[in-house]
There are 4 protein chains.
Amino acid sequence: MSSRKEKIIETSIELFNTKGAINTTTRHICDELGISVGNLYYYFKNKEEIIIVIYQKFMSELGAHFTAVDEKVDTAFDYYKFLTAQMEYEYQYRFLRLEMANLIQAYPKVREALEFGVKIKMQQLTYLYKHQMNFGYLKKMDEQEQEFITANTMIIGSQWEIYWILSHCENELKRRRNGVLNLLYFMKPYMTKKGLEETNLLESIDFLQKENNETV
Amino acid sequence: MSSRKEKIIETSIELFNTKGAINTTTRHICDELGISVGNLYYYFKNKEEIIIVIYQKFMSELGAHFTAVDEKVDTAFDYYKFLTAQMEYEYQYRFLRLEMANLIQAYPKVREALEFGVKIKMQQLTYLYKHQMNFGYLKKMDEQEQEFITANTMIIGSQWEIYWILSHCENELKRRRNGVLNLLYFMKPYMTKKGLEETNLLESIDFLQKENNETV
Amino acid sequence: MSSRKEKIIETSIELFNTKGAINTTTRHICDELGISVGNLYYYFKNKEEIIIVIYQKFMSELGAHFTAVDEKVDTAFDYYKFLTAQMEYEYQYRFLRLEMANLIQAYPKVREALEFGVKIKMQQLTYLYKHQMNFGYLKKMDEQEQEFITANTMIIGSQWEIYWILSHCENELKRRRNGVLNLLYFMKPYMTKKGLEETNLLESIDFLQKENNETV
Amino acid sequence: MSSRKEKIIETSIELFNTKGAINTTTRHICDELGISVGNLYYYFKNKEEIIIVIYQKFMSELGAHFTAVDEKVDTAFDYYKFLTAQMEYEYQYRFLRLEMANLIQAYPKVREALEFGVKIKMQQLTYLYKHQMNFGYLKKMDEQEQEFITANTMIIGSQWEIYWILSHCENELKRRRNGVLNLLYFMKPYMTKKGLEETNLLESIDFLQKENNETV
DNA sequence: CATGAATGAGCTTTCATTCAT
DNA sequence: GATGAATGAAAGCTCATTCAT
């Protein structure tokens with residue numbers, strides 16, 4: 001059972017995702033919860049803090065789920081499993097990605113938090129790619145290329161949704177599968193023969209495509 | 001010399017890019033220009049119309065610059081030249097990409113316009129990729145993969161900036177070069193040997209990297 | 001053929017009647033006419049003056065139509081003919097009656113004009129009723145009763161429409177016939193036997209009722 | 001002691017009656033009360049709602065005062081008492097009658113409310129007149145005539161004031177007495193001998209006339 | 001802890017009117 | 001005569017935030 005403070009966070013996330021964080025008023029949140037505005041401000045200094053706390057929650061959940069590959073152990077990374085799970089999390093906080101630009105403009109502390117988040121994710125990703133290269137699952141590439149592949153991964157991984165929204169893909173589930181496909185297809189050309197054989201990347205692509213074809 | 005209406009557009013673009021379109025009020029625009037509010041509304045029905053007109057200006061400038069490859073002529077596409085020019089344009093209207101999610105939430109007609117824009121760009125890109133495949137510059141791939149490569153191109157092409165902003169890349173010029181590099185690196189693995197030889201893709205990457213290293 | 005000034009008046013009347021004088025902007029009038037705002041203000045000092053001129057036009061048309069009964073000649077007054085014609089005129093200027101209260105609040109000179117108009121009409125009506133009493137068409141009554149019968153005639157004569165609008169009588173023609181019936185029925189109990197015989201009041205009522213029953 | 005919400009209503013009524021509802025801004029109301037704009041909007045969604053609430057208040061007060069005559073009981077209706085009391089109420093909300101046309105143009109929900117009010121009042125009046133006819137206080141008349149007598153009663157009953165304003169009757173009290181006289185005189189010719197004897201209609205007229213003569 | 005009334009700056013938009021050309 | 005750009009006060013309304021209870 002969640003406390004009042006947690007309930008405010010949960011309701012805020014829901015409203016931010018559906019109506020947009022910028023468009024959602026504090027009153028809105030309170031009405032939805034059936035609490036008073038004063039009460040919300042007892043738990044949170046201001047709207048910015050709500051967003052910050054949401055972001056922290058998001059990061060900690062993501063961190064809990066992400067089990068780093070062991071530096072010394074030779075394992076092919078299961079992209080499908082990882083991305084599907086990650087997308088699940090990310091989708092629950094999608095307003096953070098969608099409204100990024102406006103949020104960092106309006107709330108300086110949100111900017112700081114997001115900057116920190118990008119840094120962390122970039123390190124994790126860099127570590128993972130290096131590991132997969134070392135064990136021959138990913139094609140070797142120089143440091144600079146690595147940097148940009150990492151950047152591209154993160155850009156696609158965080159901004160795929162607005163593209164599919166504008167492409168009239170109205171089904172939420174399909175949209176999310178497309179997001180995973182965006183990333184799987186993105187990885188494909190960087191995989192070695194061994195990589196393709198030992199991860200289930202191609203099979204995952206086929207599977208998601210089939211699922212999507214069966215969805216209206 | 002530009003007319004009052006054009007000046008409103010120019011000032012709006014400038015303010016939208018620096019402060020955000022959502023955060024910029026009609027009064028801000030008027031104050032910046034030294035005109036009265038009534039005068040702004042003499043030229044534009046409402047704020048939405050200003051954004052729409054800006055978007056149309058952006059699309060027409062982009063269209064004027066984009067010369068489609070001839071279906072029957074065998075030419076290697078000059079990505080560097082194209083992307084550099086395109087980024088130049090896009091950068092002048094970057095609020096459109098950065099605030100996309102909030103803009104389409106607040107202004108229905110902007111949503112329609114952006115949807116239309118995505119459709120057009122996707123068609124052009126699909127056409128270009130097919131052409132380059134036919135003449136052996138790009139590796140062959142099935143329709144579905146093409147669809148997602150196109151999607152990824154557009155996602156990276158429109159959302160690279162927010163990544164570099166959050167990665168503390170404060171220099172505008174460097175940021176823009178990074179955007180081009182994002183796309184060049186993205187293209188690289190899809191190019192055939194012939195493609196790499198006859199386009200200047202690798203040289204362009206080297207050139208931009210060097211330029212960036214020389215910039216603080 | 002009417003001059004520019006007359007055309008402004010005509011268009012204003014039309015718009016005032018359909019959209020309301022308070023809701024109709026000067027721009028509205030100009031757009032409808034295809035002239036510039038400045039040009040309208042060349043002919044009229046301000047919006048108030050337009051209304052004043054309309055009111056004068058209304059009064060003069062009404063005066064031209066109203067041929068006073070001769071003091072010495074014994075004639076039964078034809079209420080039906082008179083009212084039908086009068087309603088025709090009044091209907092063309094109905095905003096004057098409907099928006100009376102707001103117009104006199106907003107425009108002091110309109111108030112003066114309307115006060116004058118009421119005075120004139122009251123005199124004409126008083127004269128008519130006295131004449132009809134003298135020749136035995138109307139029942140005799142004391143001065144004070146006369147005053148209030150006159151007042152009631154004018155109230156009904158000017159305010160019937162809002163009642164029928166609120167009673168869901170949407171057909172314009174029917175509404176106007178109802179207005180005439182309001183007044184004919186109002187007169188009925190004041191008529192003498194001779195009055196009822198020599199005017200066509202009862203027949204007019206029957207005629208209008210029949211017409212109305214045949215209209216949807 | 002009245003609450004803040006009630007005070008807003010009271011002040012609004014006062015300002016609407018003196019300056020007109022259309023001319024009175026929400027800021028006016030707040031300034032008059034010494035409260036902030038935000039506070040007014042805390043209690044009322046918008047200006048329309050204020051008017052609606054005022055109308056409901058008016059209708060409920062009127063309803064509480066109106067005790068319907070018993071269908072089976074033979075009683076002469078006391079027009080004077082009834083009208084004097086009713087005028088008292090109506091006068092406190094006179095902007096509703098005076099600005100009717102503009103109010104229904106500007107506020108759709110006010111239109112609905114007023115239409116409903118007209119319907120209710122018409123039913124009550126019809127019922128009353130039928131009752132008085134059945135017991136011989138009012139002269140018999142056919143359905144159609146009844147309909148128009150009812151209409152005329154309501155027109156005079158709601159629109160007398162604008163007439164007396166335009167007739168330079170500046171004294172509020174006198175104006176209100178005139179309104180009652182308008183209706184009493186209107187009823188007079190429809191009364192039977194019995195009706196005139198058993199109601200105090202004629203005496204009431206005399207009384208009011210005398211009172212008015214004594215007022216400047 | 002919890003309420004909800006209160007604030008006030010600020011937003012978008014409207015419109016009668018003016019005036020240089 | 002005619003144009004239409006320009007003005008600016010004012011309208012209705014929103015919303016994050018505060019604070020007495």
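A, B, ... follow the sequence lines: proteins, then strands. Residue 1 opens every chain. Note: hydrogens, waters and symmetry copies are ignored here, and every other heavy atom, side chains too, is used.
- Residue C:F44 is out of contact with every strand shown, counting any heavy-atom pair closer than 4.0 Å.
- Note on residues 89-117 of chain A: pairs passing ring-ring contact (aromatic ring centres under 6.0 Å, His included), not counting sequence neighbours, are A:F16-A:F95, A:F58-A:Y93, A:H65-A:Y89.
- Distances shown here put every side-chain N or O of C:T26 at or beyond 4.0 Å from the OP1 or OP2 atom of E:dC15.
- Ion pair B:R94/B:E90 not flagged as a salt bridge, since none of the NZ, NE, NH1 or NH2 atoms sits closer than 4.0 Å to an Asp/Glu carboxylate oxygen.
- Atom pair B:E48:CD and E:dT13:C1' shows a separation of 14 Å (rounding to whole Å applied).
- Regarding contacts with the backbone of F:dT3, a side-chain N or O of C:N39 is found under 4.0 angstrom from either OP1 or OP2.
- Distance, B:Y41 OH to E:dT17 P: 22 Å, rounded to whole Å.
- For B:K45 and E:dC15, the NZ to P distance is 14 Å, given to the nearest whole Å.
- If you measure from atom CD1 of B:I22 to atom P of E:dG10, you get 19 Å, rounded to the nearest angstrom.
- With E:dT17, E:dT12, F:dT3 as the candidates, the nucleotide lying closest to the side chain of B:K47 is E:dT12.
- Listed candidates were E:dT14, E:dT7, F:dA11. Nearest to the side chain of D:R4 is E:dT7.
- When distances run from any side-chain atom of B:S36 to the nucleotides E:dG10, E:dA6, F:dA6, the shortest one goes to F:dA6.
- Considering every non-hydrogen atom in both A:V37 and A:C30, the closest pair reads CA-SG, 3.6 Å.
- A heavy-atom distance below 4.5 Å is found between the side chains of B:I104 and A:I165.
- Across all strands shown, C:T25 has heavy atoms under 4.0 Å from sugar-phosphate atoms exclusively, and none from any base.
- The side chain of A:Y43 sits closest to E:dA2 out of E:dA2, E:dT13, E:dT7.
- Residue-to-nucleotide proximity on DNA chain F shows that, of B:G38 and A:N23, the 5′-proximal contact is made by B:G38.
- Toward the 5′ end of DNA chain F lies the nearest nucleotide of B:R27, the other residue of the pair A:R27 and B:R27 mapping further downstream.
- Across F:dA16, E:dT7, F:dT7, the shortest atom-to-atom separation from the side chain of B:I35 is found for F:dT7.
- Heavy-atom distances to DNA chain E give each of B:Y107 and A:G34 a nearest nucleotide, and the one nearer the 5′ end belongs to A:G34.
- Because its NZ or CZ atom is not both nearer than 6.0 Å to the ring centre of C:Y41 and within 45° of the ring axis, C:K47 does not count as a cation-pi partner of that residue.
- E:dA2 atom P lies 9 Å from atom CD1 of A:I8, rounded to whole Å.
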For Watson-Crick and G-U wobble pairs within 3.5 Å on both distances, what is DNA chain E written in dot-bracket notation, | included for inter-strand pairing? .||||||||||||||||||||

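- You'll find the side chain of C:L114 stays beyond 4.5 Å of the side chain of C:V118, heavy atoms only.
- Between A:Y42 and F:dT18, a side-chain N or O to OP1/OP2 separation shorter than 4.0 Å is absent.
- What separates CD1 of C:I29 from C1' of E:dT17 is a distance of 13 Å, to the nearest Å.
- Within the 4.5 Å cutoff, no side-chain heavy atoms of C:Q105 are placed close to those of C:R111.
- Spacing between atom CG of B:D31 and atom C1' of E:dG10 amounts to 13 Å, rounded to whole angstrom units.
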Full working for side-chain contact (heavy atoms from CB on, under 4.5 Å) between D:I22 and D:L103: CA-CA 8 Å; D:I22 301 287; D:L103 289 174; 4.2 Å; yes

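- For A:K19 and F:dC15, the NZ to C1' distance is 16 Å, given to the nearest whole Å.
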